[in-house]
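Only one structure is covered here, and it is reproduced in the block below.
Sequence lines set the chain letters: A, B, ... in the order given, protein chains first and strands last, and positions in each chain run from 1.
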2 protein chains.
Amino acid sequence: MMASTTVVEASVADDHDHEACRALGQILDRIGDKWTVMVVGALSRGPLRFNALMRTIGGVSHRMLTLTLRALERDGLVTRTAYLTIPPKVEYELTPLGRSLIEPLRVLSGWAIENRPAIESSRAAFDMAGEPG
Amino acid sequence: MMASTTVVEASVADDHDHEACRALGQILDRIGDKWTVMVVGALSRGPLRFNALMRTIGGVSHRMLTLTLRALERDGLVTRTAYLTIPPKVEYELTPLGRSLIEPLRVLSGWAIENRPAIESSRAAFDMAGEPG
DNA sequence: CAGTATCCGATTGGATACTG
DNA sequence: CAGTATCCAATCGGATACTG
């Protein structure tokens, strides 16, 4: 890792920046909603049933969890397996495609954890300048 | 790249998954909006003035670009430099913190570009099953 | 237990007009 | 040119009630 040092300052741009930004915009439209990454994170440990998922995530409504899971299923990131028992049992699991998303998300969450303090102090300074007294 | 093969299946979870997911959720709340990554992408090549930024991105309203830039400035990802000339000239530029975000975003856009075809065919198959005729 | 449907408040974001 | 303020339509998402 680390690559060359000069690359660190390189742009996301270069030749194909336009495509990269469009693709990035699309994927963020998709996973940038309130619950998708939470679901992927919860399922990254292994399959979970609907209500277990709900408890694991916490704070998600019945409705939104359903919608989020449908969207993930539609995109091929999650599989849904229904066991026609009484009471019903439905398991959700990441597909290989879904699992392949974990690493990119890890990179991003690593950045978030590492830089959160800097962001928060920047916010404090910015807000201080605005509301002096 | 490539790392070890067994890690591919590893979970985002492990010990500190909770913190990772919370941090990720927060950062996506922040950059997962409609314009932030477009602005970062546009500025990744170098400083730009307000209207240049607007033209580069395309489709963004005056208002939203302003709000997006303010938020980025507040978080310390972008600097704003106003030249008090007539007409006014204001340049926006990524800070080191802002530039550090480029690489994680690159990883994500790489994933998006690579897997978009799979996602789209999955969508087509899913929608076909739902609306048979 | 899992999923759907309806309702409604909150937030988002574009259009527009106005200011320095 | 850059920024702010107002207005409003569209979307998001929670609460609730109902179904198999």
Side-chain angles (χ1 to χ4, degrees), chain A residues 21 25-40 42-43 46-75 78-93 126-127 129-131, chain B residues 21 25-40 42-43 46-75 78-93 126-127 129-131:
Chain A
C21 268
Q26 288 172 5
I27 201 258
L28 283 179
D29 266 5
R30 191 48 206 78
I31 69 165
D33 63 78
K34 200 168 176 182
W35 299 113
T36 293
V37 301
M38 298 300 173
V39 171
V40 172
L43 291 179
L48 282 175
R49 296 176 58 174
F50 186 88
N51 280 347
L53 207 37
M54 208 161 162
R55 283 188 299 273
T56 301
I57 294 172
V60 63
S61 69
H62 197 154
R63 174 186 136 92
M64 286 316 296
L65 183 54
T66 300
L67 291 179
T68 301
L69 286 167
R70 281 299 161 277
L72 285 168
E73 189 190 358
R74 184 170 105 101
D75 287 350
V78 159
T79 55
R80 174 183 182 277
T81 310
Y83 301 93
L84 297 173
T85 57
I86 295 181
K89 168 179 164 178
V90 180
E91 272 197 343
Y92 292 93
E93 182 172 17
F126 187 92
D127 294 347
E131 308 166 36
Chain B
C21 268
Q26 287 172 7
I27 202 257
L28 284 179
D29 266 4
R30 189 49 204 77
I31 70 164
D33 63 78
K34 200 168 176 183
W35 300 112
T36 293
V37 300
M38 298 300 172
V39 171
V40 172
L43 291 178
L48 281 176
R49 296 177 58 175
F50 186 88
N51 279 346
L53 208 37
M54 207 161 161
R55 283 188 300 272
T56 301
I57 294 171
V60 62
S61 68
H62 198 153
R63 174 186 136 93
M64 286 316 296
L65 183 54
T66 301
L67 291 178
T68 302
L69 286 167
R70 280 300 161 276
L72 285 168
E73 190 191 356
R74 184 170 105 101
D75 287 351
V78 159
T79 55
R80 175 184 182 276
T81 310
Y83 301 92
L84 297 174
T85 58
I86 295 180
K89 168 180 164 179
V90 181
E91 273 197 344
Y92 292 93
E93 183 173 15
F126 188 92
D127 294 346
E131 309 164 33

Among the nucleotides C:dG13, D:dG14, D:dC1, whichever has the atom closest to the side chain of A:S61 is D:dG14
From CG of B:L53 across to P of D:dG3 the rounded distance in Å is 10 Å
Q) Within the structure, does a side-chain N or O atom of A:R49 lie under 4.0 Å from either OP1 or OP2 of C:dC1? A) no
Side-chain N,O (A:R70) to OP1/OP2 (C:dT4) below 4.0 Å:
yes
Of the listed D:dC1, D:dG13, D:dA2, the closest approach to the B:V90 side chain comes from D:dA2
Atom CG of B:L67 and atom P of C:dG14 are separated, to the nearest Å, by 10 Å
Walking DNA chain D from its 5' end, the first of A:H62 and A:W35 to be reached, judged by nearest nucleotide, is A:W35
If pairing means Watson-Crick or G-U wobble with both distances under 3.5 Å, then the partner of D:dT11 is C:dA10
Assert: residue with more 5' nearest nucleotide on DNA chain C, out of B:P88 and A:L69, is A:L69
Practice prompt. Verify the contact: side-chain N or O of A:K34 to OP1 or OP2 of C:dT11, cut-off strictly under 4.0 Å; return yes or no.
Written response: no
Check: Are A:Y92 and C:dC1 close enough that a side-chain N or O sits under 4.0 Å from OP1 or OP2?
Finding: no
Counting only side-chain nitrogens and oxygens, does B:R63 get under 4.0 Å of the OP1 or OP2 atom of C:dT16? no
Atom CG of B:L84 and atom P of C:dT19 are separated, to the nearest Å, by 21 Å
When both distances are under 3.5 Å in a Watson-Crick or G-U wobble arrangement, the nucleotide paired with D:dT19 is C:dA2
